[in-house]
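Comments concern the structure below.
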Amino acid sequence: MHTREIPEHILDQLLVSVVFYEAELTLEHSEPGTTAVLGDSFGSVFTWLWRENPAKATVMMADFVAELRFYHHNANRALGLEEVLRGLPACLRGVSADEVRAMQEQLRNDVPQYVSLDETGKMT
């Protein structure tokens, strides 16, 4: 596989694009109060970023949840962090069950630093 260096500010812009595009798909295919449907592209980018820079992946996840709940023109407050975390395993390829659980645990603990959540894990 070919790799290349990407300036940090360009990576940030690419991640914004992924977050917006994947939020569009998730909002289109997810029912309120159920597990969020996350695309394979989201899973591929998230897995790569998690392994490269877990802190940046956490910010990406916070941005994704905020886009789902507040910023997208079809935002749906019924999709919170827990719904996204339940949907995460289905979009991850080549990730062990232990790694998925570690991701979910860390995201559950760290995403609220970036996104306001109430005691149920829902954004307020």
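Here the structure is a predicted model, which is why all the values come from computation and not from measurement. The figures here come from the full heavy-atom set of this structure, side chains too, leaving out hydrogens, waters and symmetry mates.
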Can you tell if the side chain of [X] reaches within under 4.5 Å of the side chain of [Y], non-hydrogen atoms only?
| X | Y | result |
| --- | --- | --- |
| E99 | W50 | yes |
| E24 | H73 | yes |
| V19 | M60 | yes |
| E82 | R108 | yes |
| S41 | E22 | yes |
| V95 | R51 | yes |

Inter-residue atom distance [X].[atom1] - [Y].[atom2], 0.5 Å rounding:
| X | Y | atom1 | atom2 | value |
| --- | --- | --- | --- | --- |
| L11 | E52 | CG | CD | 9.5 Å |
| L88 | E83 | CG | CD | 13.5 Å |
| E67 | L27 | CD | CG | 8.0 Å |
| D63 | F20 | CG | CZ | 13.5 Å |
| L107 | T58 | CG | OG1 | 5.0 Å |
| E5 | I10 | CD | CD1 | 13.5 Å |

Identify each donor-acceptor pair in which a side-chain atom of residues 28-36 lies under 3.5 Å from a protein atom, sequence neighbours left out, and give them as a table.
residue, atom, partner, partner atom, Å
S30, OG, T26, O, 2.9
S30, OG, V37, N, 2.8
T34, OG1, E31, O, 2.6

What heavy-atom pair brings R93 and A90 nearest, and what distance separates the two atoms?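 Here R93 and A90 meet closest at NH1-O, 2.8 Å.
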
Could you report the tightest heavy-atom contact between M61 and L81, atom names first, then the distance?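 Smallest heavy-atom distance, with atoms named: CG-CD1, 4.5 Å.
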
Check each of L25, V84, L92 against L38 using the side chain to side chain contact (heavy atoms under 4.5 Å, CB included) test, and report the only one that passes.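 Only one option passes, and that is V84.
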
Can you establish whether the number of heavy atoms outside E105 located under 6.0 Å from its atom CD is more than 12?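 It does not: E105 CD has 12 such atoms or fewer within range.
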
Linked, directly or transitively: Y114 and V16 (ILVMFWY side chains, under 4.5 Å):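 No; V16 is not reachable from Y114 via cluster members.
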
For F42 together with Y21, are the ring centres under 6.0 Å from each other?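 No - the distance between ring centres of Y21 and F42 does not fall below the 6.0 Å cut-off.
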
Main-chain N/O of M103 paired with Q106 side-chain donor or acceptor, under 3.5 Å: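 Looks like no, no N/O pair under 3.5 Å.
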
Are N76 and L68 close enough, and set up right, to give a side-chain contact (heavy atoms from CB on, under 4.5 Å), and what steps lead you there? CA-CA 6 Å; N76 185 336; L68 292 174; over 6 Å; no

